[in-house]
Protein chains: 2
Amino acid sequence: MSGYVSDAVIRRLPAYYRHLRELENDGVTQISSQELGERMGLTPSQIRQDINTFGGFGRQGYGYQVHDLKEHIHKIMGLDRDHRMVIIGAGRIGQAIANYAGFAVQGFHTVALFDIDPVKIGQSTEALPIYPAEELLLRLADLQPDICVLALPKEAAQQTLDLLYQAGIRGIWNFAPVDLHFPRDMVVVNVHLSDSLQILSYQMNHQKE
Amino acid sequence: MSGYVSDAVIRRLPAYYRHLRELENDGVTQISSQELGERMGLTPSQIRQDINTFGGFGRQGYGYQVHDLKEHIHKIMGLDRDHRMVIIGAGRIGQAIANYAGFAVQGFHTVALFDIDPVKIGQSTEALPIYPAEELLLRLADLQPDICVLALPKEAAQQTLDLLYQAGIRGIWNFAPVDLHFPRDMVVVNVHLSDSLQILSYQMNHQKE
DNA sequence: TAGATTGTTAATCGATTAACAATC
DNA sequence: TAGATTGTTAATCGATTAACAATC
């Protein structure tokens, strides 16, 4: 069904999902590539190409069923299963992620945090346990996460990733400001906040030319 | 000096900066496109093309001066000035950003937060004031931020952006999970955390095929 | 000078846009 | 049937890679 999907398309999938969900909430049941394109800031052509990466979902002369298309993308992204997340680093960012209700609603459940700071340990954030980092390996077997979130200082990121790989973890959501090295059968997605802020700065700087 | 710079290059600038800074810290003073490429996962060709977007920084037979190149990119990104940030929404994400020391070090200083929740108001996070959202417009003149951070529910994001535009703000760092509409002379950079997590999910799902 | 490596032009590759026949 | 809009092929555009003469 779905062969090779380019990175460009993959990066747009969440936006498709977001817009289709909104449309559905607004009671829209059907939409053309023209309308969806206007809404998302893409050409109708690109919308059709993107959607056809996964197979025929439209009907000529009519458009796309909002609900069906949304559900399909939902499934493609693997959002029909639950994910268990462990957050390593219980600083402000780690805790913000742990407690953001939006993730849980989408099936991403934080099951525990880890930290090296003895002050933070035990001090559960809204019923979530914070364990000492040294118990990480030991507890992973029980916790059974499929995703680990790196919300720790950059110096500790690579060694932690290596350890997690040994422990069988294959999905990493990295907030540390480093480019990590990892085996081909591991997936790492970065959230480089400083990079994002620097891009904003660049664009503000080169605005008025 | 620098004419049109493609988005692809702009998105790589922070990574260049990051790697050059690391190299400098490690005492490396000179580097070839070959070596830098290996380190960053880019081809030497691409490194040279990217750097030459801004003008000749290398020396044939030798390579690039790490310090000079780093400084130049620093300047290009506008990191040689200070930025004043106001954060709208003093929830966990807003507060995490407000207190992340890494931004201040780079010249991005949070000067205040705003929130609609009376419980949060006044309750300063490490010496930062939290003002009621209704005073936003009133206080912006004094606060003089150039960047506003949207860390509020998606329902309030668009109307807040519109108001900020009216108040003369031209830089928005948006954490709300929506695609905002904005005038051409405004710069908006998104951090769509859910999108990022969904991409991770997609890639884990399509890993073993 | 000889060797190395840039700056830059040309070739390739991939992604986006345009066009249009197929069909609901 | 006529009109609309898809699915898909072809054209275009832009970004990446390769090649090599210039030069440190």
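Numbers restart at 1 for each chain; the letters A, B, ... are given by sequence-line order, proteins then strands. Because the structure is predicted, anything quoted here is derived from the model rather than measured.
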Phosphate-side-chain proximity, B/Arg12 and D/dT16, N/O vs OP1/OP2 below 4.0 Å: yes
Phosphate-side-chain proximity, A/Tyr64 and D/dG7, N/O vs OP1/OP2 below 4.0 Å: yes
Donor + acceptor pair across side chains of A/Gln203, A/Gln207 (<3.5 Å): no
Donor-acceptor pair (no angle test) under 3.5 Å: A/Ser45 side chain, C/dA18 base: yes
Value in whole Å for how far the P atom of C/dT16 lies from CG of A/Leu42: 9 Å
Pair of N/O donor and acceptor under 3.5 Å linking C/dT9 base with B/Gln49 side chain: yes
Identity of whatever pairs with D/dC13 - Watson-Crick or G-U, under 3.5 angstrom: C/dG14
Whole-Å gap separating C1' (D/dT6) and CG (A/Asp50): 15 Å
Residue whose nearest DNA chain C nucleotide is more 5′ - A/Thr43 or A/Tyr62: A/Thr43
B/Ile10 CD1 - D/dA15 P separation (whole Å): 10 Å
Ring-ring centroid check A/Tyr131 A/Phe114, cutoff 6.0 Å: yes
Short side-chain N/O contact from B/Gln46 to OP1 or OP2 of D/dT17, under 4.0 Å: yes
Centroid-centroid distance, B/Phe108 to B/Trp173, less than 6.0 Å: no
Pairing nucleotide - D/dA21, Watson-Crick or G-U, each distance under 3.5 Å: C/dT6
Distance in angstrom units between A/Ile47 CD1 and D/dT5 C1', rounded: 14 Å
Any A/Ser33 side-chain N or O less than 4.0 Å from OP1/OP2 of D/dT5: no
A/Arg48 side chain near D/dT6 phosphate (N/O to OP1/OP2, under 4.0 Å): yes
B/Ile51 CD1 - C/dT5 C1' separation (whole Å): 12 Å
Whole-Å gap separating P (C/dA19) and CG (A/Asn52): 19 Å
Gap between atoms CZ and P, on B/Phe54 and C/dT8 respectively (whole Å): 15 Å
Mutual orientation of the aromatic rings belonging to B/His206 and B/Tyr202 [parallel < 30°, tilted 30-60°, perpendicular > 60°]: parallel
Upstream residue (5' side of DNA chain C) when B/Gly63 and A/Asp7 are each assigned their closest nucleotide: B/Gly63
Pair A/Asp162-A/Gln158, side-chain donor/acceptor within less than 3.5 Å: yes
Separation of atom OH in A/Tyr4 from atom C1' in C/dC13, rounded to whole Å: 11 Å
